[in-house]
There are 2 protein chains.
Amino acid sequence: MSPYDPSAFPPFAVTVDLVVLTVRRHALCALAVRRGEPPFQGRWALPGGFVRADEDLSAAAARELVEETGLCAHDPDSPVQANGAHLEQLATYGDPKRDPRMRVVSVAHLALAPDLPAPRPGGDAHSARWAPVEALLHQGGYGREGEQAAPLAFDHAQILADGVERARSKIEYSSLATAFCPPEFTVGELRRVYEAVWGVALDPRNFHRKVTGTPGFLVPTGGTTTRQGGRPAQLFRAGGATLLNPPMLRPDA
Amino acid sequence: MSPYDPSAFPPFAVTVDLVVLTVRRHALCALAVRRGEPPFQGRWALPGGFVRADEDLSAAAARELVEETGLCAHDPDSPVQANGAHLEQLATYGDPKRDPRMRVVSVAHLALAPDLPAPRPGGDAHSARWAPVEALLHQGGYGREGEQAAPLAFDHAQILADGVERARSKIEYSSLATAFCPPEFTVGELRRVYEAVWGVALDPRNFHRKVTGTPGFLVPTGGTTTRQGGRPAQLFRAGGATLLNPPMLRPDA
DNA sequence: GTGTTTATCGTCAGGCAGACGACTATGATC
DNA sequence: GATCATAGTCGTCTGCCTGACGATAAACAC
């Protein structure tokens, strides 16, 4: 067969789904939207949508991110911009039965964002919220208001689990944890990011030595914080280094 | 718009492309096929093909791998089988202009295989060969027979570069380097795999201490090799461990 | 002031990696 | 057979990094 005969290959729908992670109140949270239509009507799902005819995959992901959160994705090569989130491709899911209606291949992306005031319910989503990943992943967990959480729609639980695992491993050997922080942050805030993502407690003294001793990870801005209780902390910005060598190892793992 | 109206989303062709890597004569080599049709007729490309209507992405990749090389992919959960290769999803490439004829989204996969007798020219490919990745990646490099190597077709140079980088980093913290080796191998053979993939020289003594001291990485089979020149070496099989902790760090990097 | 909280600096022991010496066991060469 | 070249294996030493943890500093609450 000619591989270029338009009738010789099956047509697919291609979507992007987003795993948008942030740290809120010491917990790793993901953005979830409630589905307004069948299948899985009323169930929580990851935000996403169809890739347009003349749109790159990363552009589609960035567009969905803006629609859902108002966040601008910045690519790693450009300088950090305000309100920017890290965005990268995660994996592609194409089980023939993952969508009961038709053949859909979804290119999942992972976004890491600082804590946002509130999920913006604009765009397609009828309602959106931040939910702790544990509650979303473990069927039978309870949401914030106490309602029983049903499993995520489609294969989104698997996608979310893969995204969380990617984030957990990637902050080990890269400076990506700063993507969870505002433009200026303290060592303690960065440590609480690691603790929330990994779900462990870290020694503040060893953590401080490690991150301040890694060249290019943090650059002091000169300012300090006045915060409730405790000695004021030095403020830092993310440095130019993207890879941590040696890595920040999580306990046990 | 309704996201489920079949006319509401653009149709895509979905393919899988394969980065098949092996180590031959101390060099990291990739499988390349020569294109028999335009566009890029006569140029080298990565093997690949369309995903079938009712076929999972990984199944399509495994099918293409068999067609091109005769290798059976084994998923990481099942026990290692003879003539098996490691296969994993790499990334998805969907630039609207990556194929001049139509909109094609390609889900690239990475395969790692032991050195094979010869590329099997069966299947669609008119001709196939193993080529050092350096020759394939650097435009203007020269092939084995001295002919000038043209750049790979489509965005396959980028895909190959991403696959090579994935392999280079993954053998750091996993036992995947054994996928380049036959079922039984010596520490020296494994070291030469690392040296070929990374393009560096490693200290044989420190390497031996590291790999034999990592629990679950290697299990001795009891046998030894009779090889030309040098003291016979102990034979090993790949152990059950998949993650190396602490990792095998490549020099500098 | 006293207590609490958080940030930051220091110290010490253990583990691991790089550099490298030494010994072993084979084939090749004279 | 002696010697050499080659490759594998075992040890030693040193420096760096990390985990455990003591001590000090600077804010707030009472």
Any residue meeting side chain to side chain donor-acceptor pair (under 3.5 Å) with B/R205, in chain and number order, not counting sequence neighbours = B/D203

Which pairs count as ring pair (Phe, Tyr, Trp, His ring centres under 6.0 Å) when at least one residue sits in residues 171-193 of chain B, sequence neighbours excluded?
-> none

Roughly how many Å is it from CG in B/D203 to P in D/dG11, rounded to a whole number?
-> 16 Å

Would you say the side-chain atoms of B/H86 and B/E88 include a donor-acceptor pair closer than 3.5 Å?
-> yes

Per side chain to side chain donor-acceptor pair (under 3.5 Å), A/Y93 is matched among A/D162, A/D17, A/D155 by A/D162

side-chain contact (heavy atoms from CB on, under 4.5 Å) against B/R237, all qualifying residues, sequence neighbours excluded = B/E184, B/V219, B/T221

Check nucleotides 11-16 of chain C for protein N or O atoms closer than 3.5 Å to its own N or O atoms and list the pairs.
from	atom 1	to	atom 2	distance (Å)
C/dT11	O4	A/R209	NH1	3.4

Distance in angstrom units between A/L202 CG and C/dA7 C1', rounded | 16 Å

Listed by chain and number, what are the side-chain contact (heavy atoms from CB on, under 4.5 Å) partners of B/Q234, not counting sequence neighbours?
-> B/P220, B/F236

Whole-Å gap separating C1' (D/dC16) and CG (A/N245) = 13 Å

Annotated protein contacts, base or backbone, on nucleotides 4-9 of chain D with a non-hydrogen cut-off under 4.0 Å, one of B, S, - each | --BBBB

At their closest point, which heavy atom of A/R250 faces which heavy atom of A/R168, and how far apart are they?
-> NH1-CB, 3.6 Å

Donor-acceptor contact below 3.5 Å, side chain B/R34 vs main chain B/A128 | no

